Amino acid sequence: MDDAFPHVFSPFRLAGFDLRNRLVALPAGTSLVERGVPTHGDIEHFERLAAGGVGLIIGGATVVHSTSALRSGKLVEGYLDAVVPAMKEKADVVHRHGARLVGQLVHLGREFIGGESDQPPMAPSPVKTVRDAYPPHELTVGEIDEIVEGWRVSTENLVKAGLDGVEIHAAHGYLVAQFLSPLTNQRTDDFGGSFENRMRFLQLVIEAMRSVTPDGFALGVRLSGEEEIPGGMGIDDCVRVSEALAAAGGVDYLSITHGTRGTYVKDSTGPDAVAVPSASRVRAATGLPVLVGQRIRDVGTAEHVVKAGHADLVGMARALLADPDLPVKSREGRLDEIRGCIGVNQDCRAFDPHLHCAVNAEIGRGRLPTVGVRVASPKDVYVIGGGPAGLEAARVAAERGHRVSLFEAETSLGGAVRVAAASPHRATLIDVVDYLARETRRLKVDVNLGAPISTDDLAEIRGLADHVIVATGSRLSPLPPAPLARGAVAVDQVLSGGVAHEPGTAVVYDESDGFWPAYSAAEALAARGWQVTFVTALTGLAPRVPAESAGPLLRRLGDAGVVLEVAHRVVVPDDPAAPLVVRPVFGRTDREVDPDLLVWHQPRIGDDALLRATPADATVTAIGDCVTPRRISHAIAEGYRAGAGV
């Protein structure tokens with residue numbers, strides 16, 4: 001099926017080696033690292049990516065000097081001799097599957113990516129970042145020389161390990177970018193002031209690296225086409241830097257992205273392929289091979305990028321976590337079998353304690369040995385519930401050859417995910433349900449919609465099935481009597497379009513969740529013309545929304561005029577004649593409110609009637625929200641384990 005995507009699946013010559021296609025696995029560190037050295041789990045992850053069919057893999061950020069190491073040891077430390085054997089093993093497995101491997105080298109400078117360090121933050125100038133607690137130490141010239149030497153040593157180690165190339169991380173506001181930008185470089189010596197002086201650090205790094213690289217060894221530079229911060233560098237600056245690099249020589253390709261730390265991992269609320277116009281300008285200005293990534297989720301988009309001449313190579317990160325086999329499935333025309341990235345940044349950015357994926361339970365955990373292995377004696381497996389947990393269990397069990405029947409009380413699959421997907425900018429959530437529904441059809445699962453199962457039915461089913469998986473999900477918890485008497489509605493009613501009122505004033509109250517639902521309801525109402533006040537008893541805004549999603553969410557709410565009140569409660573007196581008040585959690589001054597609409601958010605409760613009616617038995621497994629309501633990632637992981645364990 002290469003004919004469907006002829007440009008993406010054409011070979012490409014990069015430096016001294018050939019790539020089998022134009023698809024690149026972008027840097028995405030696993031944190032499967034101990035004391036700065038990759039573990040076997042990290043190597044297995046890279047092998048999985050290579051086996052999936054990409055042409056090139058760029059390893060996650062590898063720090064070049066001890067001054068950029070984290071106390072946890074969860075970043076690869078390229079300057080250590082001990083990394084060479086592990087990186088060699090990684091290169092060997094990648095090459096064995098026909099792909100190429102490039103290492104990415106970085107010094108974080110004043111940024112510490114959410115991890116503590118035993119070293120002080122450091123930067124060209126003592127300009128504090130809003131993301132960390134401490135101002136950075138201003139680097140001396142001697143310290144600059146030491147860090148440049150760290151780039152040389154780290155490069156030499158990657159050469160010894162047999163990698164095919166190395167990439168300088170000069171994007172996202174890390175140390176090289178801090179030297180390039182006038183916003184963070186306020187030096188008056190040879191490393192600051194003029195453009196040429198601000199380029200000096202990067203040029204010294206390139207010279208040091210090239211002093212130890214053999215012929216044909218690729219050297220790339222990653223740049224932010226737009227830093228997306230006030231006073232930061234934009235595309236004109238990026239083009240100027242790119243032209244200077246092309247003129248100086250020594251660089252084999254440029255990788256173009258957008259953003260700085262905290263903004264560069266775009267969630268589902270942002271546009272796809274956001275960096276492509278910037279990459280196109282850089283390619284036209286320099287003539288160097290250009291790699292572009294950032295929220296490119298499918299090979300169709302990649303095909304257009306290459307065909308139109310915007311870039312030579314197209315990178316993906318999260319899309320290949322969701323489905324490492326995306327390249328081979330696309331090449332073979334099996335597009336319906338691709339598990340798409342839903343862009344929620346929920347698990348892939350949490351690193352708790354390492355890389356995971358909300359929709360792919362194997363990322364960070366590895367593949368269970370029974371998955372995909374046909375059983376010798378198929379069983380009759382009954383799955384009760386068609387949300388993500390039940391669907392994933394049915395998929396994995398059916399792929400193993402079991403005879404699977406699924407029963408869903410509603411007339412459509414998806415459970416609570418279907419409501420969440422109705423939220424503003426969150427429609428991609430339904431993609432995982434659509435994927436699992438396609439898989440159940442492909443694998444001949446007997447899906448029964450509009451088929452509620454009672455406790456009496458369960459007793460009969462247990463007599464028919466070899467194994468029963470209960471995945472009945474969750475339901476709305478009843479609203480407290482006092483708000484209910486005032487006509488309060490739940491978040492689900494807002495998101496599903498069940499509020500027919502003409503726009504007026506609304507109070508949305510989220511007592512303790514801090515996750516998407518109440519915030520999405522506020523955004524939905526504001527988009528319909530309501531004047532919204534959002535109240536939370538928590539002491540922070542959106543504390544459980546992923547960090548890279550919380551900023552855009554709160555900006556959208558602010559732009560829509562939503563008033564945000566932190567550390568306040570909505571108090572509804574039992575007396576219907578008494579006014580509603582907003583009361584500070586830490587204070588005494590109540591404020592009366594009289595909204596036209598009160599939205600009261602409470603966590604969902606498990607729909608556990610069948611679970612409670614089932615005696616403990618090895619032939620019954622309960623998974624997902626019926627056990628207790630949690631995130632989609634928990635549902636998928638438990639469904640995966642249940643299907644693998646039958």
Side-chain angles (χ1 to χ4, degrees), residues 25 27-50 57-94 101-122 132-134 136-137 143 146-163 166-169 172 174-176 205 208-209 212 261 317 321 347-357 362-366:
T30 67
S31 286
L32 291 162
V33 178
E34 294 180 359
R35 297 182 180 181
V37 179
T39 65
H40 187 67
D42 179 74
I43 293 164
E44 283 183 338
H45 176 76
F46 277 75
E47 182 172 17
R48 187 72 185 83
L49 290 173
I57 300 172
I58 301 177
T62 296
V63 296
V64 299
H65 195 265
S66 60
T67 52
S68 196
L70 298 183
R71 185 185 297 166
S72 67
K74 292 297 184 180
L75 290 177
V76 179
E77 298 171 32
Y79 53 90
L80 299 176
D81 291 342
V83 304
V84 175
M87 294 299 286
K88 184 179 188 309
E89 185 178 355
K90 186 183 296 189
D92 288 346
V93 298
V94 167
L101 180 62
V102 164
Q104 185 189 74
L105 295 180
V106 66
H107 192 294
L108 301 171
R110 66 177 189 168
E111 304 284 348
F112 273 111
I113 59 173
E116 274 289 346
S117 174
D118 287 332
Q119 300 287 339
M122 49 190 58
D132 288 311
Y134 317 112
H137 159 72
E143 290 167 336
E146 289 179 13
I147 291 172
V148 170
E149 173 64 8
W151 288 84
R152 187 195 67 78
V153 171
S154 299
T155 302
E156 189 171 34
N157 283 341
L158 297 187
V159 171
K160 291 176 182 176
L163 274 70
V166 66
E167 178 179 283
I168 300 169
H169 198 336
H172 301 164
Y174 298 135
L175 184 62
V176 177
V205 166
M209 294 167 70
V212 293
R261 177 185 156 211
L321 301 180
D347 290 74
C348 58
R349 300 298 296 161
F351 293 99
D352 186 17
H354 43 249
L355 183 69
H356 289 91
C357 174
E362 295 178 353
I363 299 298
R365 300 180 182 92

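The figures here come from the full heavy-atom set of this structure, side chains too, leaving out hydrogens, waters and symmetry mates. Keep in mind that this is a model prediction, so the values were computed, not measured.
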Mind checking ring-ring contact (aromatic ring centres under 6.0 Å, His included) for Tyr174 and listing every partner two or more places apart, or none if nothing turns up?
His169
Can you see which heavy atom on Leu75 is nearest to which on Ser68, and at what distance?
CD1-O, 4.3 Å
Step-by-step side chain to side chain donor-acceptor pair (under 3.5 Å) determination, His137 to Glu143:
CA-CA 11 Å; His137 159 72; Glu143 290 167 336; 2.7 Å; yes
Using ring-ring contact (aromatic ring centres under 6.0 Å, His included) as the criterion, list what pairs up with His65, not counting sequence neighbours.
none
Side chains of Val37 and Val76 in contact at under 4.5 Å (non-hydrogen atoms)
no
For the CZ atom on Arg35, are there more than 12 heavy atoms of other groups (residues, nucleotides or ligands in this structure) within a distance under 6.0 Å?
no
Got a donor-acceptor contact below 3.5 angstrom from the Ser31 side chain to the Leu355 backbone?
no
Main-chain N/O of Thr30 paired with His354 side-chain donor or acceptor, under 3.5 Å
no
Could you please spell out the steps behind the side chain to side chain contact (heavy atoms under 4.5 Å, CB included) verdict for Asn157 and Met87?
CA-CA 9 Å; Asn157 283 341; Met87 294 299 286; over 6 Å; no
Residue pairs meeting salt bridge (Lys or Arg N to Asp or Glu O under 4.0 Å), one or both in residues 150-163, sequence neighbours left out, come to Glu149-Arg152, Arg152-Glu156
Test side chain to side chain contact (heavy atoms under 4.5 Å, CB included) on Trp151 and Val176; report intermediate values, then the result.
CA-CA 12 Å; Trp151 288 84; Val176 177; 4.0 Å; yes
Calculate, to the nearest 0.5 Å, the distance between atoms CE and CD1 belonging to Met209 and Ile168 respectively.
4.0 Å
Thinking salt bridges, do Arg110 and Asp132 make one under a 4.0 Å N-O criterion?
no
